[in-house]
Amino acid sequence: MGVDYYKILQVDKNAKDDDLKKAYRKLAMKWHPDKNPNNKKEAEAKFKQISEAYEVLSDPQKRAIYDQYGEEGLKGQVPPPDAGGPGGATFFQTGDGPNVFRFNPRDANDIFSEFFGSSSPFGRMGGGGARGGMRGSPFGSMFGDDIFSSFGEGRPMNQAPRKAPPIENTLPCSLEELYKGTTKKMKISREIADASGKTLPVEEILTIDIKPGWKKGTKITFPEKGNEQPNVVPADLVFIIDEKPHSRFTREGNDLVVMLKISLAEALTGYTVHLTTLDGRSLMIPITNVIHPNYEEVVPKEGMPIPKDPSKRGNLRIKFNIKFPARLTAEQKSGIKKLLAP
């Protein structure tokens, strides 16, 4: 059969028109030569194959000939199912044979422009993608792609579509979620456009995997999930992590900080800290030192996970708010002086 157009577009032989359009849009964007400057030759060949495959399979007559006779049938080696055909196909009489179907593939950039509104959506201002010449001019194919280049007009008439600005949304997360990691499902509504430019509303569920240790301000980007519009590249949808206040802990970098209230007697005579961690474990931390107003007990590796290496953690820092008595009796003062005398 020669070239397998179904394989090129990565569709099965029962693919409908919508399947073909979806496959073409995905592959054409991936293999557009302007998007592959480091392997442009390979990209140009693949881009041309993708366009040719779409042109054949999206046209009922060409597809019928291809399904029956393969690529050879399209290249004029077998008679057509009927005489006459739409654009890209011509019939001619040979000197010694019947009418022959001859398939002349359209320019790959023309097909691309019908989908995306431009021969190059990647910001090129010259060259017109895989082919030079003036876009939209019938003379480019009749007299050569670069007929206007000598007159200084060898750039495309279509400008690359602009990119819509990103859409940013806050994603509030509890400290427990940022400590352990979690998955959130976000339902979005947006408009998508078909090949004709007509838009229709769709709903999608986006999955956001929040990694242990992520911080406030972390951004999760879903490329081009905004509304689709003619000649506009859809906006990126960006979720920005926000940290909800916690009743017990505050976060400082990768450390967790907790403030405890204790009495003066506890500060002077010793105190045992009882804490429940963000993942539900119980900690018991005895402190035998005298606790002064600036004292800080550091518990290693009981802080937040470090995003680049969740097996490592920051520290737990315990601070103290010491409650002093509002008044003392003369007897109490005398007793304290005796106890604390040097």
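Worth knowing before you read on, the calculation uses all heavy atoms, side chains too, and leaves out hydrogens, waters and symmetry mates.
- Using a 4.5 Å heavy-atom threshold, the side chains of Val298 and Asp255 count as separate.
- Salt bridge absent: Arg63 and Asp59 never bring a charged side-chain N and a carboxylate O closer than 4.0 Å.
- Between atom CD1 of residue Ile208 and atom OG1 of residue Thr182 there is a gap of 10.5 Å, rounded to the nearest 0.5 Å.
- Put simply, the side chain of Gln332 gets close to the backbone of Thr329: a donor and an acceptor are under 3.5 Å apart.
- Taking NZ from Lys22 and CD from Gln10, the interatomic distance works out to 12.5 Å, rounded to the nearest 0.5 Å.
- Looking only at distances, a side-chain donor or acceptor of Thr277 sits under 3.5 Å from a matching main-chain atom of Arg281.
- Side-chain contact between Tyr179 and Arg313 is present, with at least one heavy-atom pair separated by less than 4.5 Å.
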- Task: Step by step, work out the side-chain contact (heavy atoms from CB on, under 4.5 Å) result for Ile220 and Val238.
- Result: CA-CA 6 Å; Ile220 308 99; Val238 182; over 6 Å; no
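- A side-chain donor from one of Thr207 and Lys185 sits under 3.5 Å from a side-chain acceptor of the other.
- Counting only heavy atoms from C-beta outward, the side chains of Asp4 and Tyr66 approach each other to under 4.5 Å.
- A heavy-atom distance below 4.5 Å is not found between the side chains of Val257 and Phe249.
- Nearest heavy-atom pair, Ala164 versus Pro234, reported as atom, atom and distance to 0.1 Å: CB-C, 4.3 Å.
- In this structure, Glu204 pairs ionically with Arg190, as a charged nitrogen and a carboxylate oxygen lie closer than 4.0 Å.
- Under the 4.5 Å side-chain contact rule for hydrophobic residues, Leu268 and Phe324 share a cluster.
- Summarising the geometry of Ile306 relative to Gly314, their closest heavy-atom pair is CG1-N, 4.4 Å, with the distance given to 0.1 Å.
- Hydrophobic clustering of Ile, Leu, Val, Met, Phe, Trp and Tyr side chains at less than 4.5 Å, counting indirect connections, keeps Ile188 apart from Val232.
- In this structure, Ser334 contributes its side chain and Ala330 its backbone to no donor-acceptor pair below 3.5 Å.
- For the pair Asp279 and Lys180, the salt-bridge criterion is not met [side-chain N within less than 4.0 Å of a carboxylate O].
- Looking at Glu203 and Lys187, a side-chain N of the basic residue comes within less than 4.0 Å of a carboxylate O on the acidic one, giving a salt bridge.
- Note on ring orientation: taking the six-membered ring where Trp is involved, the planes of Tyr271 and Phe320 are perpendicular (angle over 60°, cut-offs 30° and 60°).
- Once rounded to the nearest 0.5 Å, the distance linking CE of Met304 with CG of Leu278 reads 6.5 Å.
- Looking at Arg248 and Leu275, their side chains come closer than 4.5 Å, going by heavy atoms from C-beta outward.
- Side-chain contact check for Leu178 versus Lys215: every heavy-atom pair is 4.5 Å or farther apart.
- Smallest separation of non-hydrogen atoms from Leu20 and Val11: CD2-CG2, 3.9 Å.
- Looking at Ile210 and Leu171, their side chains come closer than 4.5 Å, going by heavy atoms from C-beta outward.
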- Trace of the side-chain contact (heavy atoms from CB on, under 4.5 Å) decision for Asn36 with Glu42: CA-CA 9 Å; Asn36 297 272; Glu42 179 189 2; over 6 Å; no
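- Using a 30° and 60° split on the angle between ring planes, Tyr295 and His292 fall in the perpendicular class, above 60°.
- With hydrophobic clusters built from ILVMFWY side chains whose heavy atoms lie under 4.5 angstrom apart, Ile285 shares a cluster with Val258.
- Side-chain N/O atoms of Asn14 and Tyr6 include no donor and acceptor closer than 3.5 Å.
- Shown here is Lys21, whose NZ atom has more than 12 heavy atoms of other residues, nucleotides or ligands within 6.0 Å.
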- Test side-chain contact (heavy atoms from CB on, under 4.5 Å) on Ile262 and Asn321 and set out the steps. CA-CA 6 Å; Ile262 60 173; Asn321 182 3; over 6 Å; no
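- The minimum heavy-atom distance between Pro293 and Ile322, with the atom names listed, is N-CD1, 3.8 Å.
- How far CG of Asp236 is from OG1 of Thr221: 6.5 Å, rounded to the nearest 0.5 Å.
- The environment of Glu296 atom CD is dense: over 12 non-hydrogen atoms of other residues, nucleotides or ligands sit within 6.0 angstrom.
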- Task: Could you check His246 against Arg251 for side-chain contact (heavy atoms from CB on, under 4.5 Å), going step by step and ending with a plain yes or no?
- Result: CA-CA 9 Å; His246 195 271; Arg251 182 178 185 174; over 6 Å; no
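- Taking all atoms of both residues into account, the shortest heavy-atom contact from Ile111 to Ser51 is CD1-O, 3.6 Å.
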- Message: As a quick check of understanding, evaluate salt bridge (charged side-chain N to carboxylate O under 4.0 Å, His left out) for Lys219 and Glu168, giving each step before the final call.
- Response: CA-CA 9 Å; Lys219 293 184 177 182; Glu168 296 187 343; 3.7 Å; yes
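- The side-chain heavy atoms of Glu191 and Leu200, taken from C-beta on, include no pair separated by under 4.5 Å.
- Hydrophobic clustering (side-chain heavy atoms under 4.5 Å, transitive across Ile, Leu, Val, Met, Phe, Trp, Tyr) groups Leu260 together with Leu256.
- With 3.5 Å as the limit, one finds a donor-acceptor pair spanning the side chains of Asp209 and Thr183.
- With rounding to the nearest 0.5 angstrom, the OG atom of Ser58 is 9.0 Å from the CG atom of Leu9.
- When atom types are taken as modelled, the side chain of Asn315 and the backbone of Gly303 share no donor-acceptor pair closer than 3.5 angstrom.
- Screening Glu297, Glu252, Glu302 for a salt bridge (charged side-chain N to carboxylate O under 4.0 Å, His left out) with Arg317, the sole residue that qualifies is Glu252.
- In this structure, OG1 on Thr272 lies 13.0 Å from CG on Leu283, to the nearest 0.5 angstrom.
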- Task: Any chance you could lay out the ring pair (Phe, Tyr, Trp, His ring centres under 6.0 Å) test for Phe47 and Phe112, step after step, and finish with the verdict?
- Result: CA-CA 10 Å; Phe47 183 65; Phe112 190 90; 5.7 Å; yes
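- Using bins of under 30°, 30° to 60° and over 60° for the plane-to-plane angle, the ring pair Phe222/Phe239 lands in the perpendicular bin.
- The minimum heavy-atom distance between Pro307 and Gly213, with the atom names listed, is CG-O, 3.1 Å.
- Between Glu177 and Lys244, none of the side-chain N atoms (NZ, or NE/NH1/NH2) sits under 4.0 Å from a carboxylate O, so this pair counts as no salt bridge.
- Hydrophobic clustering (ILVMFWY, side-chain heavy atoms < 4.5 Å, transitive): Ile205 and Val202 are in distinct clusters.
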